[in-house]
Amino acid sequence: MPITLSVPATTSNLGPGFDVLGLALDLWNTVTVAPAAGWQVTVEGEGAERLPHGPENRVARAFRWVFQTLGEPLPPGVHIHCRNRVPVGSGLGSSATAALAGMAAALAWLGRPLDRDQLLAWTVAWEGHPDNAAPALHGGLVAAGLEEGGRPWVLPLELHPLWVEQARLVLALPEVDLPTEKARQVLPRQVPLADAAFNLAHALQVVEALRRGDPDLLRRGMVDRWHQPHRVPLIPGAARAMDAALEAGAVAVMLSGAGPSVLAWALADPDAVEAAMREAFARHGPVRTWQLRISQRGLQVQGNP
Ligand code: HSE
């Protein structure tokens, strides 16, 4: 029986919570791993033309890496099939979904328990930061970080039913190539003390607004001085799209992860928010949009070989 893994898209940072806050979204990549005569990787859906179909595919690399790390012999043949719905290079954690799926598939293949702390530590070793992997593993809203020694920690946070049941996260993804690496290079190495205090204060407002179900507080809290001011100018139309989303009634708006996608929180009339963001981006080039819900579930695994 094949192993099937489902891993949700995630949005990280949530405005001021740079590299710490993350949220799982109800948009899933599914990976099936089955015994086969040789090694084969097939990809359908998002990134099918762009992602490697050979042994260098990230899911396949993560799968093999776990066998090597645990000193286990590799199976003689495996067919890995990726059904991708999370757009690649968009700021929705698609690379974390691939690493997690490959690593979790290897644990399931070996009949080992799905140790989420271990998976988080491994994924962080690959990704460098935990704010996509942690919500993809645990679902919902999380805070995550690294201890002094580099060990990752994760803290699931409370989400008010208002957000889980009613909010639509309207995502606009312009056709802009902004790799995370580049979007990190543009950030200053140091922030002024006043900006550090500013972001800390606002990140706490965001966490409390999401716990209380307070749209006004979310709007006030979702301001950032650390990364968005350096990244938004690299994405043509993003500044206008963010303003347009708020004018169309969005509660709050943020860059999703390192971008280039922009996410608006809508409680009423998400169609109007979507249309406004589309129009703003469309002046600069092609744009795709989604209306997503929050996912309270993280990584799901079914079956064994
Ligand atoms: N927190 C990371 C960043 C997310 O903003 O660079 C990258 O996906």
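All ligand and atom numbering here is 1-based and tracks the order in the structure.
- Side-chain N/O atoms of E127 and S95 include a donor and acceptor closer than 3.5 Å.
- The D19 neighbourhood of ligand 1 comprises atoms 1 (N), 2 (C), 3 (C), with distances under 4.0 Å to a heavy atom of that residue.
- Residue-to-ligand polar distances keep H227 apart from ligand 1: every N/O pair is separated by 3.5 Å or more.
- Between W163 and W265, the ring planes are perpendicular. Angles over 60° get that label, and only those under 30° would be called parallel.
- A side-chain donor from one of T42 and H81 sits under 3.5 Å from a side-chain acceptor of the other.
- For ligand 1 and R184, the ligand atoms under 4.0 Å from any heavy atom of the residue are 1 (N), 2 (C), 3 (C), 6 (O).
- Remark: minimum distance from atom 8 (O) of ligand 1 to any protein heavy atom is reached at N132 OD1, 3.1 Å.
- Atoms of ligand 1 found under 4.0 Å from any heavy atom of N13 (numbered from 1 in listed order, with element): 1 (N), 3 (C), 5 (O).
- Here the heavy atom of the protein found nearest to atom 4 (C) of ligand 1 is S12 OG, 3.4 Å.
- Of the heavy atoms in E181, none comes closer than 4.0 Å to ligand 1.
- Between the choices R231, H129, E127, Q228, the shortest heavy-atom distance to atom 7 (C) of ligand 1 belongs to H129.
- At a cut-off of 3.5 Å, with distance as the only test, no side-chain donor of Q302 or T4 sits close to an acceptor on the other residue.
- There is a side-chain donor-acceptor pair under 3.5 Å between Q291 and D271.
- Between D26 and R293 there is no salt bridge, since no side-chain nitrogen of the basic residue lies less than 4.0 Å from a carboxylate oxygen of the acidic one.
- With ring centers used as reference points, F198 lies 6.0 Å or more from W226.
- Against a heavy-atom cut-off of under 4.0 Å, T180 is close to the following atoms of ligand 1: 7 (C).
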